[in-house]
Chemist: 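Quick one: the structure is below, questions incoming.
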Amino acid sequence: MLIAGAALLACSRNHAPVVGVSCSRSGSGSTLLPTTYTDAVSRAGGVPLVIPTVHTDEEARAVVAALDGIVFSGGEDVDPAWYGETVWNETVEVDAARDTSDVLLARAALSAGKPILAICRGSQLLNVVLGGTLWQDLPSQKGVCHSDVVHPIGLREGCVLARIYGPDSLIVNSMHHQAVKDEAPGITVTARAADGIVEAWETDLVWAVQFHPEKMLRAGDSRWLELFRAFVDRAR
Ligand code: MN
């Protein structure tokens with residue numbers, strides 16, 4: 001009995017971590033996810049699982065229980081109603097069903113203590129779920145452009161990105177018109193662009209990046225595999 005238990009424990013310790021990835025929904029009703037996310041998890045040694053829209057807390061908890069870690073992917077804007085604001089202008093595009101699904105999944109993952117990698121919308125979503133707010137449209141509210149450009153980010157000493165890549169600034173892609181405004185209580189901002197825009201933050205459970213490491217990896221920049229490897233190892 002003891003031997004069987006020990007064997008089971010060894011087995012559960014050695015399995016490849018199962019990493020769920022949240023998805024968008026197309027206007028015609030399909031589940032949508034760029035393969036960049038799931039391929040990055042695979043290349044990093046994880047088992048990727050696509051998470052469709054969930055509708056209840058019970059569903060979200062059951063999905064999260066089956067995972068070792070979860071990636072919140074990019075996509076639409078979070079409805080400003082989630083942080084007590086009205087829509088700023090016509091650039092803000094929301095999907096109510098995805099917002100509900102992602103908020104339920106994020107709350108379930110946080111309460112279950114599952115590691116979270118939050119990318120672009122994911123970073124914005126987790127900041128909102130933890131009590132923060134967003135810039136709804138950087139060009140019209142802040143006069144800065146982070147769409148379809150690359151820019152350097154400066155790293156906070158000792159943060160996850162600095163531990164992986166060293167203390168020097170990193171060049172990242174940038175394809176967002178929203179960003180973290182008021183930081184949620186308890187988060188640590190770990191990277192900013194030269195204009196001050198938040199580009200990464202973390203907590204004990206959440207690693208959040210405003211840029212798209214999965215796209216840079218797909219484009220051939222293999223350094224970004226290290227971030228996914230570190231996350232998969234953490235989910236192990
Ligand atoms: Mn940016």
Side-chain angles (χ1 to χ4, degrees), residues 21-22 24 33-34 36-37 40 71-80 82-83 85 87-94 102 106 116-130 132-157 159-184 187-203 206-228 230-231:
V21 187
S22 71
S24 285
L33 180 70
T36 46
Y37 292 97
V71 175
F72 285 88
S73 63
E76 298 80 1
D77 302 324
V78 176
D79 190 326
W82 288 99
Y83 48 94
E85 293 184 12
V87 170
W88 168 257
N89 67 13
E90 72 289 346
T91 67
V92 179
E93 294 178 6
V94 305
D102 277 359
I116 294 168
L117 178 60
I119 295 175
C120 194
R121 164 195 165 83
S123 167
Q124 297 160 8
L125 174 94
L126 265 292
N127 183 56
V128 169
V129 166
L130 291 169
T133 68
L134 304 178
W135 292 110
Q136 292 191 39
D137 185 49
L138 290 171
S140 60
Q141 287 185 301
K142 279 281 280 179
V144 299
C145 175
H146 280 244
S147 299
D148 298 318
V149 293
V150 296
H151 59 66
I153 57 172
L155 304 182
R156 182 188 172 98
E157 189 180 347
C159 74
V160 168
L161 291 171
R163 294 204 300 271
I164 297 171
Y165 297 108
D168 296 340
S169 65
L170 287 169
I171 301 291
V172 299
N173 57 7
S174 190
M175 40 200 75
H176 56 108
H177 80 116
Q178 298 203 335
V180 168
K181 184 168 69 175
D182 297 307
E183 300 147 25
I187 79 171
T188 302
V189 171
T190 56
R192 290 183 191 271
D195 55 21
I197 297 302
V198 173
E199 291 281 342
W201 58 269
E202 60 193 64
T203 69
V206 184
W207 296 355
V209 294
Q210 181 54 67
F211 50 90
H212 283 278
E214 81 291 352
K215 281 183 193 274
M216 292 187 279
L217 179 60
R218 171 65 58 83
D221 190 346
S222 58
R223 288 181 312 156
W224 292 102
L225 186 54
E226 297 309 317
L227 177 59
F228 286 95
F231 181 70

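When a ligand or atom number is given, it counts from 1 through the structure's own listing order.
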Chemist: Ignoring hydrogens and geometry, is there a side-chain-to-backbone donor-acceptor pair from S123 to A208 under 3.5 Å?
Modeler: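 No, the answer is negative, given that no donor and acceptor are paired below the 3.5 Å cut-off.
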Chemist: Is any side-chain heavy atom of H177 closer than 4.5 Å to a side-chain heavy atom of D137?
Modeler: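 Counting from C-beta outward, H177 and D137 do come under 4.5 Å.
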Chemist: Enumerate the residue pairs fulfilling salt bridge (charged side-chain N to carboxylate O under 4.0 Å, His left out) with a member in residues 170-184, sequence neighbours excluded, ordered by first and then second residue.
Modeler: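 Qualifying pairs, neighbours excluded: E85-K181, E183-R192.
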Chemist: Apply salt bridge (charged side-chain N to carboxylate O under 4.0 Å, His left out) to residues D195 and K142 and explain how you reach the verdict.
Modeler: CA-CA 10 Å; D195 55 21; K142 279 281 280 179; over 6 Å; no
Chemist: Flag yes if more than 12 heavy atoms outside R218 fall under 6.0 Å of its CZ atom; otherwise flag no.
Modeler: yes
Chemist: Hey, which protein N/O/S atoms does the Mn ion (ligand 1) have under 2.8 Å?
Modeler: H146 ND1, H151 NE2, S174 OG, H176 NE2, E199 OE2
Chemist: Donor-acceptor pair, distance only, cut-off 3.5 Å: does the side chain of Y83 make one with the backbone of N127?
Modeler: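 Judged by distance alone, no pair lies under 3.5 Å.
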